[in-house]
Undergrad: 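Quick one: structure below, then a few questions.
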Number of protein chains: 2
Amino acid sequence: MATQDRLIESTQELLWERGYVGTSPKAIQQRSGVGQGSMYHHFTGKPDLAAAALRRSAAQLRAVAEADLAGPGTAYERIAAYLHRERDVLRGCRIGRMAQDPDVVADPQLRAPVEETFDWLRGRIAGLIAEGQAAGELGAAADPADTAAAVVAVVQGGYVLARAADSAEPFERAVRGALGLLAAHRAD
Amino acid sequence: MATQDRLIESTQELLWERGYVGTSPKAIQQRSGVGQGSMYHHFTGKPDLAAAALRRSAAQLRAVAEADLAGPGTAYERIAAYLHRERDVLRGCRIGRMAQDPDVVADPQLRAPVEETFDWLRGRIAGLIAEGQAAGELGAAADPADTAAAVVAVVQGGYVLARAADSAEPFERAVRGALGLLAAHRAD
DNA sequence: GTCTATATACCGATAGAC
DNA sequence: GTCTATCGGTATATAGAC
């Protein structure tokens, strides 16, 4: 594995575990087994390396989500599949987590992958809901973009509740609650 | 204003803005105008001071939420009032934010106020929903605790989406989406 | 109670040899 | 490309005078 890849992968892990402020160049070097000089040869500094790591994490998250959203079944079933995907709930979302960090939000290079990921995800789910409505499967009363934002927010907020409780239960409740409301909204 | 109060208030602000890892004793001293020796006279260290600040923030958040949830109107209207409360969305939730910080989650003293706040909030809203069902205002199909978790998650996740987009819009969409689903669920 | 001085470690990076 | 040395600054306190 190339030195750059080891650096990026270690940075991805540390950003997920400790956030941007809590991740030091030294910790990245230790986890990756790459020396100081080597790290600064390949990347100009911590923001540069973090940006590369976030771009990679964003692409991976998108691929994983797409696998569920593009699956078989009705719009409702595909959203349910996405929500019920097996997750290590207490680790949280490696992209959503970054939105809490002021240094990430303040740096366009760092915020861009985060923003793009959620824009894509909301748009993808909104499209699914619109499809379901066109097919007569879902009631037409709900606005697709608003409903999609609510679905994505339930997942992100579910992580927050789970970490606060040190238990996956609130996440699972929130997902069940959201699907319950969405199910009641299905056209008869 | 007492020295302790100035320290606690400054710590509350800094925890909200920068998180636990990103908040240093030095920054607290500068914002509060309290000296080093004085700070360490009143508090044993950063964790002690942060715990006091979080307990106070939790109590304040609870009081603000209760004002909406105990207001006039039906269960749906009171939940809508809570969701539509005027918020500085891009600042995020000062309690929910802490759930992302590994040092907070790992320290029982720091996590306790966060956990208790969300336990209380979910329970309060679940009770409201159960009341609405008993009164025949809301359909009885949805589980109150699950639905309440979804409502709270939408708010917390809405903050995440808003900060990611550097715009309040996704928050407002998520709230509208959630209320739309809840409204469709009202008994006729 | 509050002040200044001091301490050990780490942060994020640069310099220059190999 | 990788290494070691070095840098000015911060993190998180502790010590002891006043």
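Chain A is the first sequence line, chain B the second, and so forth, proteins listed ahead of strands; every chain is numbered from 1. The figures here come from the full heavy-atom set of this structure, side chains too, leaving out hydrogens, waters and symmetry mates.
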Undergrad: Could you walk me through whether A/Arg163 and A/Asp166 pass the salt bridge (charged side-chain N to carboxylate O under 4.0 Å, His left out) test, one step at a time?
TA: CA-CA 5 Å; A/Arg163 287 179 61 95; A/Asp166 195 23; over 6 Å; no
Undergrad: Closest to the A/Tyr40 side chain: D/dT14, C/dA13, C/dT2?
TA: C/dA13
Undergrad: Does B/Arg78 use its side chain to pair, donor to acceptor, with the backbone of B/Gly71 at less than 3.5 Å?
TA: yes
Undergrad: Grab the CG-C1' distance between A/Leu14 and C/dC11 for me, whole Å please.
TA: 15 Å
Undergrad: Please determine whether a side-chain nitrogen or oxygen atom of B/Thr3 lies at a distance below 4.0 Å from atom OP1 or OP2 of C/dT2.
TA: yes
Undergrad: By nearest heavy atom, map B/His42 and A/Thr23 onto DNA chain C; which one lands nearer the 5' end?
TA: B/His42
Undergrad: Which nucleotide wins on minimum distance to the side chain of B/Ser38, given the candidates C/dT2, D/dC3, C/dA13?
TA: C/dT2
Undergrad: Quick one: which of D/dT10, D/dC3, C/dC10 gets closest to the side chain of A/Lys26?
TA: C/dC10
Undergrad: Would B/Arg87 pass as a cation-pi partner of B/Tyr82, given that its NZ or CZ must be under 6.0 Å from the six-membered ring centre and within 45 degrees of the axis?
TA: yes
Undergrad: Rounded to the nearest angstrom, tell me the gap between atom CG in B/Asp48 and atom P in D/dA13.
TA: 10 Å
Undergrad: From the set D/dT2, C/dT14, C/dG1, return the single nucleotide nearest to any side-chain atom of A/Gln36.
TA: C/dT14
Undergrad: Would you kindly give the CE-to-P distance between B/Met39 and C/dT4, to the nearest whole Å?
TA: 16 Å
Undergrad: Does D/dC3 have OP1 or OP2 under 4.0 Å away from a side-chain N or O of A/His41?
TA: no
Undergrad: So does A/Ser24 get a side-chain nitrogen or oxygen closer than 4.0 Å to the phosphate oxygens (OP1/OP2) of C/dC10?
TA: no
Undergrad: If you check the B/Pro47 side chain, which of C/dG1, D/dA13, C/dA13 turns out closest?
TA: D/dA13
Undergrad: Mind listing the closest non-hydrogen atom pair of A/Val160 and B/Ala99 along with its distance?
TA: O-CB, 3.6 Å
Undergrad: Rounding to an integer number of Å, can you tell me how far B/Phe43 CZ sits from D/dT12 P?
TA: 17 Å
Undergrad: Taking atom P of D/dA11 as reference, at what distance in whole Å does atom OH of B/Tyr20 sit?
TA: 13 Å
Undergrad: Between P on D/dA11 and CZ on A/Arg18, what's the gap in Å once rounded to a whole number?
TA: 15 Å
Undergrad: Whole angstrom is fine here: how far is it from CD1 in A/Ile28 over to C1' in C/dG12?
TA: 11 Å
Undergrad: Select base, sugar-phosphate, or nothing to describe what A/Gly37 touches, counting heavy atoms under 4.0 Å on all strands.
TA: base
Undergrad: Atom CD of A/Gln29 to atom C1' of D/dG1: distance rounded to whole Å?
TA: 15 Å
Undergrad: Check this for me, if you would: do B/Arg124 and B/Asp68 make a salt bridge, where the nitrogen-to-carboxylate-oxygen distance has to be below 4.0 angstrom?
TA: no
